[in-house]
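Comments concern the structure below.
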Amino acid sequence: YGGPTKGMEVVRVEVVQQPALWRRYCCYKGKLKAQAETIKKHAGTTYLKKNPMAMPACEWLDADVGEAYFWHGSGKSSDGSVDLVDAIVSVGHEPSDENSSEAMEVSDGASSRFAKTTSMFGAGVYLADIASKANLYVPCSVCYQGAYFRDPCHCSMEEVEKAPPYRMLLCRAAMGRVYVEKKYKDARYKGDFNPAKKLGVDSVMGEAVKGQL
């Protein structure tokens, strides 16, 4: 309790089971498993051993492929017409740029969710190891504003409390070879390409800075 999450209350937990998405995920994880030795020796793996993420490790996750749980914050589109959480859990992470599906391809047909090639780390699936970070991307359930890259929310507490609860996804992800970004440069990520593939890795992580989200 405290900080960005002060006053939050968990009111409901739902389990999402989507067989098609699970098969895609297992297929991708299998491909990474074949590179287990390379992943084990990779600089990103060494970094994460010395600087563990906020999410606790779970014994049933596969450390050989860097498998972990992450948060993803979302809600309805800014005009309220599309429920982005429902879209993700029903069809998976889909590309948002018309001509960048190849650039955003992650594995076996799984591609990024609405993250454009102009996003900070380029096209990809954006996840966070702390809930308070993911929460910054969750819009108000009444006006659909009040999140990163949207207008401020001016709804009253009474209006918000009567509306449906805010939602976040707890996602299972396999990081594989991780590039840890310590000195950010636009050129590494902005453009019609897969940043991770360009860097010769499977995923990219921004180095955490103490006291910052």
Side-chain angles (χ1 to χ4, degrees), residues 4-5 10 13-74 85 88-89 92-93 104-113 115 119-137 167-184 188-189 194-213:
T5 56
V10 177
V13 176
E14 298 179 0
V15 177
V16 178
Q17 294 180 315
Q18 224 291 6
L21 294 181
W22 179 245
R23 285 195 296 271
R24 280 162 55 178
Y25 178 71
C26 289
C27 181
Y28 178 55
K29 196 168 76 165
K31 292 178 181 178
L32 290 180
K33 190 71 172 179
Q35 305 174 46
E37 283 303 312
T38 301
I39 294 170
K40 184 179 180 179
K41 298 175 183 176
H42 194 268
T45 304
T46 302
Y47 176 90
L48 288 172
K49 284 183 178 179
K50 294 179 180 178
N51 305 275
M53 295 182 294
M55 289 291 283
C58 300
E59 61 181 18
W60 58 85
L61 299 180
D62 194 341
D64 288 347
V65 296
E67 193 174 29
Y69 285 116
F70 295 93
W71 297 99
H72 180 81
S74 192
V85 172
I88 294 170
V89 300
H93 292 72
M104 294 194 287
E105 185 177 14
V106 178
S107 67
D108 193 33
S111 47
S112 68
R113 185 202 74 78
S119 297
M120 184 173 182
F121 290 103
V125 179
Y126 282 68
L127 304 169
D129 65 329
I130 51 175
S132 53
K133 175 67 174 181
N135 180 61
L136 297 174
Y137 295 85
R167 295 177 295 167
M168 286 196 294
L169 291 171
L170 181 61
C171 309
R172 187 170 176 169
M175 298 182 290
R177 299 164 299 168
V178 183
Y179 177 82
V180 181
E181 180 58 75
K182 300 177 182 179
K183 295 183 179 180
Y184 180 81
R188 269 199 280 270
Y189 306 101
N194 181 321
K197 186 177 292 185
K198 180 181 177 183
L199 292 165
V201 295
D202 305 298
S203 58
V204 176
M205 176 182 291
E207 184 177 41
V209 178
K210 189 175 181 179
Q212 295 184 16
L213 290 177

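Residues: numbered from 1 along the sequence shown. Scope of the values below: all heavy atoms of this structure, side chains included, with no hydrogens, waters or symmetry mates.
Residues satisfying the side-chain contact (heavy atoms from CB on, under 4.5 Å) criterion with K33, sequence neighbours excluded, are D62, D64, V65.
Put simply, the side chain of R177 gets close to the backbone of G200: a donor and an acceptor are under 3.5 Å apart. Remark: the backbone N or O of Y126 is paired with a side-chain donor or acceptor of H72 at under 3.5 angstrom.
One distance of note links CZ of F70 with CG of L170; it measures 10.5 Å at 0.5 Å rounding. Here the SG-NZ distance, from C26 to K31, works out to 13.0 Å after rounding to the nearest 0.5 Å. In this structure, CZ in R172 is found 13.5 Å from CG in L21, a value given to the nearest 0.5 Å. A distance of 9.5 Å separates CG of L169 from CH2 of W71, quoted to the nearest 0.5 Å. Of the inter-residue distances, the one linking M175 atom CE with I39 atom CD1 reads 10.0 Å to the nearest 0.5 angstrom. If you take OH on Y179 and OG on S203, they are separated by 12.5 Å, rounding to the nearest 0.5 Å.
Closest of all the heavy-atom pairs between A134 and A128 is N-CB, 4.1 Å. Nearest heavy atom pair, residue A68 against residue L61, reads CA-CD1, 3.6 Å. Shown here for G44 and V180, the closest heavy-atom pair between the two residues is CA-CG2, 4.4 Å. Contact detail for G73 and Y137: the closest heavy-atom pair is O-CB, 3.6 Å.
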Assess whether side chain to side chain contact (heavy atoms under 4.5 Å, CB included) is satisfied between V178 and L48, documenting all intermediate values.
CA-CA 9 Å; V178 183; L48 288 172; 4.2 Å; yes
Check the pair W22, V16 against side chain to side chain contact (heavy atoms under 4.5 Å, CB included), reporting the backbone distance first and the verdict last.
CA-CA 10 Å; W22 179 245; V16 178; over 6 Å; no
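In this structure the side chain of K198 never reaches within 4.5 angstrom of the side chain of R188, judged on heavy atoms. Under the 4.5 Å side-chain criterion, counting only non-hydrogen atoms from C-beta, E181 is not in contact with M205.
Between the side chains of Y25 and Q18, not a single donor N or O lies within less than 3.5 Å of an accepting N or O.
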Side-chain donor/acceptor pairs under 3.5 Å, residues 50-59, sequence neighbours excluded:
unit_1, atom_1, unit_2, atom_2, d
N51, ND2, Y47, O, 3.0

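The pair E207-K183 does not meet the salt-bridge criterion, since no charged nitrogen lies less than 4.0 angstrom from a carboxylate oxygen.
Relative ring orientation between Y184 and F121 is described as perpendicular, the plane-to-plane angle rising above 60° on a 0-90° scale split at 30° and 60°.
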